[in-house]
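This report refers to the structure that appears directly beneath it.
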Amino acid sequence: MPELPEVEVVKRSLEKKIINLIIKKVKINDGNLRYKVNVKEISKLIGIKIKKIKRKSKFLIFEFDKNFFMLVHFGMTGKFFYVDENNIRFKTSFYYSLKKEKYEKHNRVIFILQKNQKLIFHDIRKFGFIKIYQSNDYNDILHLRNLGPEPLGKNWSYQYLKNYIFGRNRNIKDILMDQKCVSGLGNIYVNEILYLSGVKPKRKVSRLKNFEIKKIVKNTKIVLLNAIKQGGSSIKDFSSDDGKQGVFQQYFKVYGRVGEKCSNVDCNTNITRTIISNRASFFCKSCQK
DNA sequence: AGGCATGTTACAGG
DNA sequence: ACCTGTAACATGCC
């Protein structure tokens, strides 16, 4: 599911429901995720309270008492379901219309909370992971240590990007996808950002003009904020914890739109699809330089 | 049957 | 040690 907007949507939804609840039990149906779920570590969460949920780039961090925290990454198809007996919204969602066995098949880890509420980690492709730590310093964590600035924070700025690309010779798409440069973007949003900025994905960063660097930074923030507002993008897999899907995909200008007419009214070119670094890239040959 | 998919990282080579 | 590009991971859908 998961670029920054989708993770943020899940975070906002979950924190309304599970803060201050105690974990009663953890059931592992299939712990062979990206990293094998450590049964002993995850069992330490039993009996303690979820204090806070944070998002860092595409990661969710669940904070508990005693400095325990749980780091979650959704990979490509990971998601949470929150259910209790009265969860009308989930029962009217797309997932509930599927055969029960079908969506339950990929329930990998189930956290049973107070009053029989459940938080279910569901992941078809198993590229996601759950790890438990006990620390008060996120810089101890390999996955968080090398992350670049949050794209919605003030450290993601024209001056920062200009400095970052100095002396580098990669294309702008790869740079924006690189979590060490800026953390939280993925293939969908990078395609959209570059279209809005009028820059071809293959452009070498050494050849970017200052005004283009400025546009890229600004459009990053615009695209992400709009996507969050729309509940994220649901291509096929994403839904929030209540099964609700986002609608931002309706507003995609280029992603998945190969062969469709460029949305710029003055342009008659069709959107091109090409592969860059093993990932599909979409752009307008005329509007992006 | 084969190609494709919202992500990360181990590895090889410069 | 840093920079870059490629392949692999697991599963389902067209």
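Keep in mind the model is a prediction, meaning the values are calculated, not measured. What's counted below: heavy atoms across the whole structure, side chains too, no hydrogens, waters or symmetry copies. Below, read A as the first sequence line, B as the second, and so on, with proteins coming before strands; counting in each chain starts at 1.
Residue contacts for A/Tyr189: at a heavy-atom cut-off of 4.0 Å it reaches no nucleic acid atom on any strand shown. Across all strands shown, A/Tyr35 has heavy atoms under 4.0 Å from sugar-phosphate atoms exclusively, and none from any base.
Checking A/Lys36 against A/Asn32 by side-chain atom types alone, a donor-acceptor pair falls below 3.5 Å. Side-chain N/O atoms of A/Gln117 and A/Tyr82 include a donor and acceptor closer than 3.5 Å. There is a side-chain donor-acceptor pair under 3.5 Å between A/His106 and A/Arg108.
For A/Lys54, the salt bridge (Lys or Arg N to Asp or Glu O under 4.0 Å) test picks out A/Glu63, with sequence neighbours left out. A/Lys154 pairs by the side chain to side chain contact (heavy atoms under 4.5 Å, CB included) definition with nothing, not counting sequence neighbours. Checked against salt bridge (Lys or Arg N to Asp or Glu O under 4.0 Å), A/Lys44 has the following partners two or more places apart in sequence or in another chain: A/Glu41.
Aromatic ring orientation, A/Phe129 versus A/His143: tilted (interplanar angle from 30° to 60°).
For A/Phe252 and A/Phe282, the ring centers sit 6.0 Å or farther from each other. Two rings, from A/Phe127 and A/Phe74, have their centers 6.0 Å or more apart.
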Pairs under 3.5 angstrom, nitrogen or oxygen only, protein versus nucleotides 1-5 of chain C, please.
unit_1, atom_1, unit_2, atom_2, d
C/dT4, OP1, A/Asn169, N, 3.2

Could you go over nucleotides 8-12 of chain C and give all protein N or O partners under 3.5 Å, atom names and distances?
unit_1, atom_1, unit_2, atom_2, d
C/dA10, O4', A/Arg125, O, 3.0
C/dA10, N1, A/Arg125, NE, 2.9
C/dA10, N1, A/Arg125, NH2, 2.6
C/dA10, N3, A/Arg125, NE, 3.3
C/dT11, OP1, A/Lys126, NZ, 2.8
C/dG12, OP1, A/Lys105, NZ, 2.8

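Side-chain atoms of A/Lys17 and A/Asp241, non-hydrogen and from C-beta on, do get closer than 4.5 Å to each other.
Straight-line distance from the CZ atom of A/Phe129 to the P atom of B/dA10: 11 Å, rounded to whole Å. Put simply, CZ on A/Phe74 is 18 Å from C1' on B/dA5, counting in whole angstrom units. For the pair A/Ile276 CD1 and B/dA5 C1', the computed distance is 17 Å after rounding to whole Å. Taking atom CD1 on A/Ile275 and atom C1' on B/dG3, their separation rounds to 10 Å, with Å as the unit.
Distance alone, capped at 3.5 Å, is enough to place a donor-acceptor pair between the A/Lys261 side chain and the A/Cys267 backbone. Between the side chain of A/Glu150 and the backbone N or O of A/Trp156, no donor-acceptor pair lies under 3.5 Å.
If you take atom C1' in B/dT9 and the same atom in C/dG12, they sit 23 Å apart, rounded to whole Å. Atom P of B/dT6 sits at a distance of 23 Å from the matching atom of C/dT4, rounded to the whole Å. As rounded to the nearest Å, B/dC11 and C/dA10 have P atoms that lie 16 Å from one another.
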Watson-Crick and G-U pairing of DNA chain C written in dot-bracket, each distance under 3.5 angstrom, with | for inter-strand partners: .||||||||.||||
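Side-chain nitrogen and oxygen atoms of A/Lys58 include none within less than 4.0 Å of the OP1 or OP2 phosphate oxygen of B/dT6. Between A/Gln179 and B/dT8 there is a side-chain N or O to OP1 or OP2 distance below 4.0 Å. Under 4.0 angstrom from either OP1 or OP2 of B/dA5 there lies at least one side-chain N or O belonging to A/Arg273. An OP1 or OP2 oxygen of B/dT8 is reached within less than 4.0 angstrom by no side-chain nitrogen or oxygen of A/His143.
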